[in-house]
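Just below is one structure, and these are the notes that go with it.
Lettering follows sequence order; numbering is per chain, from 1. Values reported hereafter were calculated over all heavy atoms of this structure, with side chains retained and with hydrogens, waters and symmetry mates removed. Remember, it's a predicted structure, so these values are computed and weren't measured experimentally.
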Amino acid sequence: MSLLQLNEISVHDGATQLIAPVSLTLEPGVPLIILGETGSGKSLLAQAVMGTLPQGLTARGRITLGKDALDPAQPARFRALWGRRIAVLPQEPWLSLDPLMRAAPQIAETHHLVRGLTRSDAAAQAQKDLAALDLAAVGQRYPHELSGGMAQRVAIAAARAGGARIVIADEPTKGLDAARRDDVARLLLDALGRDGGLAVITHDLALAQMIGGQIIIMREGKVVEAGQTSAVFAAPTATYTRDLIAADPAHWPARSTLSMPVPGLAPAAPVVAAKGLSLSRGGQRLIEDLDIAVHPGRVLGITGPSGCGKSSLGDVLLGLLAPDAGAVTRAPGLPRTALQKLYQDPVAAFPPRRALGMTLADVAALHGARAQDIPAQMERLRLDPALLNRLPGAVSGGELQRLALLRVMLARPAFIFADEPTSRLDPITQREVITLLRKVATEDGVAVVLVSHDMALIDKTADRVVRLGLGGQEQAPVLQDAFAG
Amino acid sequence: MTAIPNNTSPARLAGAAILALLAALALFGPLLVPGDPFGQSLVKSLGGPDAAAPLGYDHLGRSLFHRLAHALRLSPAIALGAVATAGAAGLILGTWAAAQGGWVDRILATLADALLALPGLLLVLIVLAIMPGTAFGFWAGLSLVLWVEFFRLTRATSRAVLASPAVEAAQLLGFGWPYIFRTHLWPEIAPVMLTAAAFGTATAIMAIAALGFVSVGMRAPTPELGLMMVELLPYWREAPSALLTPVIATFALLMGLTLLAGSRET
C-alpha cells in the first residue's frame with residue numbers, strides 16, 4: 001500500500017494558479033524526488049502537502065495518507081500529523097538543533113512529547129536510535145561538539161522520533177560541497193530508503209541521481225516530466241529536462257571546445273602572482289607554501305571542500321587580506337580598480353535601495369566609460385535594458401550575477417576573482433553565466449580566478465586548476481596544467 | 001534619494017497631525033489673538049476665558065493662552081536644537097567609530113557607555129549649573145545626553161553595512177567614502193535616525209518640563225510647561241482647568257512625538 005497519494009493537488013493565489021494539478025504516489029522504499037529550479041513551485045507543493053502554505057495561498061485536490069483522506073484546503077487539520085505521520089527535515093538541519101541541549105535528549109524529547117513514551121523509555125529509545133545511526137558514543141555531546149555529518153544524523157533521528165514514516169527533505173544539500181553531498185544522500189537512503197517514505201526536494205541533479213527512485217521535474221508550477229529517475233536521466237523526453245541535464249557541469253563539453261586557447265597569449269607576464277603563500281584563519285593553517293600565477297585571458301580554477309580557504313585566498317590576491325607568509329605581486333602599473341571581484345550572493349553586492357541602472361551609471365561615470373558602454377555591454381551579456389529600472393532584490397539571481405559582471409567590466413579590470421559566482425543558480429543559468437565569464441575573459445584578456453566547490457565545473461571551465469585540501473590534511477595543492485596543447 | 005521612510009501608517013499620520021496642530025497654536029495663536037504672556041492683572045486672577053484670553057487666566061491674572069503658546073515655542077525649540085546637535089554628533093562619531101574600528105571605536109564606545117550609566121537628568125542639571133543662561137544650558141546638557149543614542153544606532157548599523165559585500169565591491173570599484181556614505185550608509189541609517197529623533201525630542205521636552213516642575217529648570221516668569229504646572233498646582237481646587245491646560249499640552253506634545261516615531265522595528 002502506498003504511504004502517500006496526491007490527487008490533482010493545485011495551489012492558488014486568489015484566482016492565479018501557481019501550481020497546476022499534480023498527482024503522485026509515494027511508495028515505501030521508493031524515494032521520490034521533486035526536482036526544479038528556484039521558483040518552479042517545488043517547495044510550494046511540499047508546503048501544500050504539509051499544510052504549511054503561506055497566508056493567502058490555498059491548495060485544492062485530495063491527499064490520501066495511508067488510509068486517511070485529507071483535504072488540503074483545510075490545513076489546520078494537518079497539525080496533528082506533523083511529527084507523527086509526516087516529518088520535515090529542514091534545510092541545514094544542524095541549525096535546527098538546540099545548541100544548549102545534548103544530542104540524546106533532543107531525540108528523547110520527541111519520543112516523550114510527541115509519541116508519549118515515559119521519560120526513561122524515551123531515553124532508552126533515543127539511545128537505540130543513535131546506535132542505529134552509529135552515533136551511540138556521541139549522545140552526550142552538545143551540537144557544537146558534533147561534526148556536520150553527525151549533527152545531520154542527529155537531526156534526522158529527531159525528525160523521525162515522532163514515528164513518522166514519511167520524511168520530506170527540503171534541499172538537504174544546500175550549500176554543501178560534493179563530498180558532503182554524497183554523505184547526505186547515503187545517509188538519507190540508509191535511514192529512510194528501505195522501508196520508509198522519502199521525498200527529496202532539490203535542484204541538485206547529482207543528488208537526484210544518487211537517491212534514485214521516482215522523479216518528477218517541475219518548472220513554472222507544472223510537472224514537465226515524471227518517471228523512474230534512472231530512466232529519466234538516461235533518456236529525457238521533455239526539452240526542459242534535456243536542457244537541464246545538458247547544463248550539468250558533468251555533461252559540459254570539454255574546455256578546449258568551449259574556448260580555444262589563444263597561442264600568442266601564453267607567454268604573457270602574469271597579472272597577479274603569489275609565491276610561497278601561507279594563510280591561516282582562526283588559528284588553523286589553511287594554505288601552506290602555495291605558488292600560483294594568473295595570466296591574461298586565462299581562467300585559473302580553485303576547488304576544494306568548504307572551509308579550505310578558497311575565499312581567503314581570493315581576498316589575498318585582491319589585496320584585501322594580508323597573507324601570513326609569502327608575497328603577492330601584481331603587474332606593474334596596474335591601477336587599484338583593475339582587481340575586481342564577483343560575489344557568491346549578488347544581491348548582497350549591490351546597494352539594496354538603489355535602482356540597478358543608477359548604480360551602473362555611477363560606476364560608468366567614475367571610470368569615464370562612455371554613455372553607450374552600458375547598453376553595449378548589456379547586449380553582449382544578453383540582458384534586458386528594462387532591468388536597469390529595478391532594485392537588486394527584484395531581479396533573478398542569474399540576471400543579477402550578469403549585471404554584477406557588467407558592473408565589474410565597466411571598471412576595465414585586468415583580474416577578476418569570482419567567488420562561487422553560480423553556486424546559488426540553477427544549472428541552466430549557471431552554464432550561461434560561466435560561459436559569459438569565460439567569453440569575457442578570453443575576448444578582453446582578463447585574468448580570472450574562478451572558485452567553485454563543483455569539481456566538474458572547474459575541470460570543464462578552467463585552463464589551470466588548483467585543488468586545495470582541508471587544513472592540515474592535504475596541504476600540498478595538486479596543480480594540473482592544461483596549457484599543454 | 002529614497003532616504004525618508006515611505007511608512008505612512010495611520011499612527012504616524014495622527015502623530016504628525018497632532019504636532020502640526022500644536023505648532024500652529026504656538027506660532028499663529030498669538031497673531032490671531034494679540035496678547036502678552038507676562039502682562040499681569042490681579043483682578044482677573046484665575047478668571048475664566050474671555051475674548052483677550054481664550055483659555056482664561058492664571059493666579060497672577062496672566063493670559064494662559066499666550067503663556068501656553070510661548071511655552072510651546074520654548075521647549076520644542078530647545079529640544080529640536082539639542083536633537084539636531086546630538087544627531088549630527090552621533091552620526092559623525094558613529095560612522096567614524098564603525099569605519100575606523102580599533103582604538104577610536106573602543107574609546108568612543110567606552111565614553112558612550114560611561115555617559116549612559118549616568119542618569120540623564122543629573123547630567124543636564126550639572127551642565128545647567130556650569131553653563132550661563134538656562135536655555136543654552138538645557139541645549140548643551142540635552143545634547144550631551146542624547147548623542148549617545150544616535151551614536152549607538154549609527155555605529156551598529158554602519159558596522160553591518162560596512163562589512164557587507166556591497167561596500168567591499170564599491171571600494172574595489174574605486175568609490176570613495178562620500179559615495180559609500182551616500183548610497184550605502186545613509187539609506188540604512190536614515191529611517192532609524194528619524195525614529196530616534198522623535199523619541200529624543202520627546203525625552204528632551206520631558207526633561208525640560210520635569211526640571212521646571214521641581215523648580216530647578218527655567219526660572220519664573222518664563223512660560224514653560226513644567227513651571228506652569230507647578231505654579232498652578234496650589235490652585236487645582238479653584239481652577240482645575242487652568243492646571244489642566246499645560247498638562248494636556250505636554251501630554252499632546254509627547255503623544256504626537258511618540259506616534260510619529262512609530263514602532264522601533266520600522
Per-residue contact mode, B/F175 against chain A (heavy atom under 4.5 angstrom): both
For each of A/V363, A/L342, A/L339, tally heavy-atom pairs with chain B at distances under 4.5 Å, and name the one with the top tally. A/V363
Salt-bridge criterion met for A/R380 and A/D444 (N-O under 4.0 Å): yes
Determine which residues belonging to residues 345-352 of chain A lie within contact range of chain B, meaning some heavy atom pair is under 4.5 Å apart, and list them by number or answer 'none'. A/A348, A/A349, A/F350, A/P351, A/P352
If you measure only the distance, is there a donor-acceptor pair under 3.5 Å linking the side chains of A/Y343 and A/D419? no
Please flag which part of A/L410 lies under 4.5 Å from any non-hydrogen atom of chain B: side chain, backbone, both or neither. neither
Sort and list the pairs that fulfil side chain to side chain donor-acceptor pair (under 3.5 Å) and have at least one residue in residues 391-408 of chain A, not counting sequence neighbours. A/S396-A/E399
Between A/D324 and A/S280, is there a side-chain donor-acceptor contact under 3.5 Å, judged purely by atom types and distance? yes
Looking at B/D113 and B/R152, is there a salt bridge between them, counting it only when a charged N and a carboxylate O are closer than 4.0 Å? yes
Can you say whether A/L366 sits under 4.5 Å from chain B via the side chain, the backbone, both, or neither, judging by heavy atoms? side chain
Could you measure the distance from the CH2 atom of B/W139 to the CD1 atom of B/I78? Nearest 0.5 Å is fine. 11.5 Å
Between B/W177 and B/F181, does the ring centroid distance fall short of 6.0 Å? no
Between A/H367, A/Q340, A/K341, A/Q344, which residue shows the highest count of heavy-atom pairs closer than 4.5 Å to chain B? A/Q340
Show your working on ring pair (Phe, Tyr, Trp, His ring centres under 6.0 Å) between B/F150 and B/W147 and close with a plain yes or no. CA-CA 5 Å; B/F150 292 104; B/W147 77 274; 9.9 Å; no
Cut-off 4.5 Å, heavy atoms of chain A, and the answer for B/Q171 is neither
Please confirm whether the backbone N or O of B/A109 pairs with a side-chain atom of B/R155, one donor and one acceptor, at under 3.5 Å? no
